[in-house]
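This structure is a prediction, so every number in the text was calculated from the model and none was measured. Because only heavy atoms are used, hydrogens play no part in the values below, and waters and symmetry mates are left out as well, while side chains stay in.
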Amino acid sequence: MRQGIYRFPINTTLPVFLLVAALILGTVYTVTLIQNQQQTILENAERELGTEVSRLQRIVQHHLADNGTTSLQEEIAALNVDIRVRMAGVIDEHERHVAALDRAERGRSLDSTLAGEPLVALAGPLRDTLDDARHRRAAQVRYVETENTLIAAAPLQFSGPAVELGRSPAGAVILAWDLSYPFRQARAAALNSALALAPLIAAAFAGLWWLLYRMLGQRLSRLTRTAEQIAGGEHHQRTGLTGRDEIGRLARAFNRMADSLVEEQEHLRDSEQRLSLAQEFSGIGTWEWHIDSGAVIWTRPTFRLFDLPEDDTEVTFERYLERVHPDDRPRVQAAVEQTLEYGTAYSIEHRVVTGNGDQRWLLGRGDVLRDDMGNPRRMYGIVQDITSTKRAEEALFREKEYAQVTLASIGDGVITTDTRGRVTFLNPVAEYLTGWSTRDATGEPLTRVFDILNEITRKPAINPVERCLQEGRIVGLANHTVLLRTDGQEFAIEDSAAPIRDRDGQIVGVVLVFHDVTQARELANQLSWQATHDALTGLPNRHAFEQRLEQLARYPESQKGHEQHTLLYIDLDQFKVVNDIAGHLAGDQMIRQVGELMLDQIRESDLLARLGGDEFGIILTYCDIAHAERVANAIHTVLDELRFAWEDRVFRISASIGIIEFHPGRHSLDQLLADADIAVYAAKNAGRRRSHIFRPEDQELQQHRREMDWATQISDAVEQGRLVLFAQKIHPLAEPDSAERPPGLAFEVLVRLRHEDGQLIPPGVFLPAAERFDLITIVDRWIITRTFSMVADYLREHGPHTISHCAVNLSGATLSDESLLPFIKNQLSLNQLPGEIFCFEVTETAAISNLQAAMRFIRDLRTMGCRFALDDFGSGLSSFAYLKTLPVDYLKIDGSFVRNISTDPVNHALVSNINDIGHLLEKQTIAEFAEDELTIARLRELRVDFAQGYGLHRPQPLDELLSQTPPP
């Protein structure tokens, strides 16, 4: 377009431009006048319509109050005389027309009216205006530009004669004005005004044209002719124009330019010579291509770059392309065509093939010189050897590729920054963990991209890059640091920042390397939580409880050191009943409920822990005995109120609580726990659902403490092998020549405990503690394992019939252990022993208290040949009642009856009766405590089958007994 304008003389284009300017000015004036008048009409109409709809609102509201629907229709119909009214009506709360311009629309819904073709375009705006009016409780006006229509709506109250505050009115007055007619009148008035001003504008522009022609056109024509003459070679020509205006100054400047033209030509020739020398030394060649003729002009460096002789006169564009590498020729041709067709600058890197077959990289740049018609006439430019640069770039690119592949393949996030802490690079892992892409993050402050917090305090963490820049060394993150991603997800991280230095050792940036340790940290936190909390209740476990208790027991927490704390040791009563009747799921649920109830009774500074099973512990810090008793009573109360329902059963629970007051530095952890256990024991012995305050002077508690000490020693003795097996022979009381005498050894296995000082402890001292603290099953299993092993060794050495009777005692707790039967069977099979030589002795109390388990146990082992003896027979109240039921082989008469049989007629009668009843039931009898010859003689008189005691054989270690020569 610009080229088309400049083709005509200014004396021709000037009047045309003035005429076009006059037309544009008139048009702009007319359009502006029309718009202003329409805007004025619109503003006046909006005010008028707002007033009108408010008036209608008051009138309609008045008619509605008087139930004047007929006069309401007449009021709306009266608006039909206004040609602007396009729509008017009154709608009720159901949006049905109560009154309308068209009487036929009464009773129709607003939606069906707006669905008609004339009003469908107003449906959306009218609906919005109606909703706005109801919401604001005031008349609203809106202009629909596409329809040249003003719409208005005002809310109505249908509920009564007076408008009341409260919910928004449901009905409305609707009014729509068509402004097309007023707008047409405004356009007609604006056109008439513009036509009236047209002659005045034409005269003004004609005078302007004449003035510009005299001042500008004539003088520019003369200046142009002089310039053309100088361009034609008449360098002596000069303009004769004068004046101080711009054209006069331009003429004088033009004359000075012509004067200096000759001087510049001389300087140009000198510059061309200097340029030629510069090209020679820099290795840059220039070229010029005359497109019409096809001739190509090269300087001497250009010939050398293309490896052509300087006297070669047949240089053409085709000859040039022959030197270009075949793979690069299409690119070169496309670049040249792009420059010739679109005028883009010519710049391309390509290879050339020298005469000896070598390849050389060249950079070509150029531009096009065009004629007045825009057609390309010549193309000129430079060419430069960039082979060494290209090789360096390729090497650098390979290193960069290796580095990027390496950074992309590692599992750590990598971020690099400059010395100002602004991001320059992120690898893919860093992009994922931060939520930023390299493109978006480049140039951003690291603190914005790498948003890190302390996961405990939730405060911003120290920026490692800032520390690295300040200290000039590798730095790492503090512990418990999390990275906040842009979407809010958090990652636990570990990282380090290292400075990047140049050849001179100056820091030019920082590289930040970090990796996600979220799973590892979560696992560590989970393991830490599990190590200190009970999995069932979520309360602290025994380990956490003992740590806190030991800390309070050893060290005071205040500087004064006069602290006192209280320990509550809680054991649930009869909890085993819930597990046995309802199952362990019910027991677990009850434990959780009990834990929650007890947690509500203590302070936040106190510690409630589940110590295991049905045992809980509470540490009441800075608390005296009185407060501890109140807490214990509160626990008793809430447990009394607890009704634990499971399926169709309801269970009640209570607790025995031991209370201990302690001061820092006066008690050890073991002593506190032992005292607590003693206090709980005392509470249970007092009848359960009791609290007992520990006092060192309690005799019963001291006895329980001694038993606890023995319980600890028993566990250590089993682990350290300090239990010792003894044996006491069982002698038949028949005459030596009698055929009833059984062959082989007959003995009862006994156990002793060897103290750490070497002293042997009798069973009556430590076995009660073992039974009380559920250690007897461990002792019994150890006795069975050791006895079976020693008996097996003896039988392998001396023959299968050298032992006829080996009696092993079983406690009541062991008898009720369901795993005992397979254990004995496994030991018999493992040692290849016959069951007939073993006789298991159970006390009558244990057998009767676990009758079903005892019956099942005895029947199963009797099928393997094992025999059974009812120990301490006669000491129980129901001995004879259960004697028929129990399938035992021997009755061991209690030693308290045997001891004084020679002097006490009652004992004599009891032993006689027991022996007779046993023989009547086909059971053999064994008398204990046969201490002297007179007692043994009395037993023989009563025809007791066997006897054992100090009068026959004093107990000796089992290994010594089995080491003796067996009887023939």
Side-chain angles (χ1 to χ4, degrees), residues 726-742 745-752 762-765 767-768 804-812 839-848 867-886 888-956 961:
F726 271 62
Q728 187 178 40
K729 291 181 181 180
I730 300 176
H731 287 264
L733 296 180
E735 294 298 329
D737 57 352
S738 174
E740 297 180 3
R741 178 169 180 153
L745 281 173
F747 57 89
E748 178 185 1
V749 178
L750 307 173
V751 66
R752 303 288 188 268
V765 175
L767 285 184
S804 61
H805 187 97
C806 177
V808 179
N809 288 277
L810 295 179
S811 66
C839 177
F840 294 99
E841 296 185 2
V842 295
T843 63
E844 99 178 83
T845 304
I848 294 173
R867 291 168 294 170
F868 284 85
L870 197 59
D871 198 8
D872 298 335
F873 187 79
S875 60
L877 298 177
S878 52
S879 302
F880 294 99
Y882 288 95
L883 189 56
K884 291 183 184 180
T885 308
L886 292 172
V888 297
D889 302 281
Y890 300 95
L891 297 182
K892 295 195 72 172
I893 304 172
D894 190 85
S896 60
F897 302 144
V898 177
R899 180 178 288 116
N900 299 320
I901 190 174
S902 60
T903 59
D904 190 341
V906 175
N907 285 356
H908 185 278
L910 287 173
V911 172
S912 176
N913 291 334
I914 293 173
N915 183 67
D916 292 341
I917 293 174
H919 288 166
L920 185 62
L921 296 176
E922 299 181 352
K923 305 180 190 300
Q924 293 181 304
T925 56
I926 303 173
E928 298 178 314
F929 288 79
E931 306 292 340
D932 50 47
E933 291 295 334
L934 187 57
T935 301
I936 296 171
R938 292 289 183 267
L939 293 174
R940 281 198 177 100
E941 291 175 0
L942 296 175
R943 300 186 62 81
V944 175
D945 299 305
F946 301 95
Q948 66 181 104
Y950 284 7
L952 295 170
H953 177 248
R954 299 186 70 85
Q956 67 180 120
L961 177 64

Task: Partner of L939 by side-chain contact (heavy atoms from CB on, under 4.5 Å), out of V911, I893, T925 - done: V911
TODO: Can you measure from CZ (R899) to CD (E928) and round to the nearest 0.5 angstrom?
DONE: 10.0 Å
Task: Within-4.5 Å side-chain heavy-atom neighbours: R940 and L733 - done: yes
Open item on the list: Show the nearest heavy-atom pair for residues R867 and S804, with the distance to one decimal.
Closed with: NH2-O, 2.9 Å
Task: Check: V888 and K923 side chains under 4.5 Å, non-hydrogen atoms - done: yes
Open item on the list: Within the structure provided, determine whether F868 and C839 are in side-chain contact (heavy-atom separation under 4.5 Å).
Closed with: no
Task: OG on S902 to CD on E941, rounded to 0.5 Å - done: 10.5 Å
Open item on the list: I'd like to check D871 versus V842 (side-chain heavy atoms, cut-off strictly below 4.5 Å). Are they in contact?
Closed with: no
Task: Exercise: identify the closest heavy-atom pair between G951 and I936 - done: O-CD1, 4.0 Å
Open item on the list: So which atom in N907 and which in S896 form the shortest heavy-atom distance, rounded to 0.1 Å?
Closed with: ND2-O, 3.5 Å
Open item on the list: To the nearest 0.5 Å, what is the distance between CG on D904 and CZ on F897?
Closed with: 10.5 Å
TODO: May I ask you to check whether T935 and D932 show a side-chain donor-acceptor distance below 3.5 Å?
DONE: yes
TODO: Evaluate the side-chain proximity of R938 to V944: yes if any heavy-atom separation is below 4.5 Å, no if none is.
DONE: no
Task: Point-to-point distance, once rounded to the nearest 0.5 Å, from CD1 of I730 to CG of L745 - done: 11.0 Å
TODO: Taking all non-hydrogen atoms of both residues into account, name the closest pair between G895 and F929 and its distance.
DONE: CA-CD1, 3.2 Å
- [ ] Please step through side chain to side chain contact (heavy atoms under 4.5 Å, CB included) for the pair I901 and L942, ending with a clear verdict.
- [x] CA-CA 11 Å; I901 190 174; L942 296 175; 3.6 Å; yes
Task: Approximate separation, where rounding is to 0.5 Å, of H805 NE2 and Y890 OH - done: 5.5 Å
- [ ] Could you tell me which non-hydrogen atom of Q948 sits nearest to which non-hydrogen atom of Q728, and how far apart they are?
- [x] NE2-OE1, 3.0 Å
- [ ] For the residue pair H919 and D945, establish whether any side-chain heavy-atom pair is separated by less than 4.5 Å.
- [x] yes
TODO: Measure across L952 and H731 and return the closest heavy-atom pair with its distance rounded to 0.1 Å.
DONE: CB-CD2, 3.6 Å
- [ ] Kindly determine whether K892 and F873 satisfy side chain to side chain contact (heavy atoms under 4.5 Å, CB included), including the steps that lead there.
- [x] CA-CA 6 Å; K892 295 195 72 172; F873 187 79; 5.8 Å; no
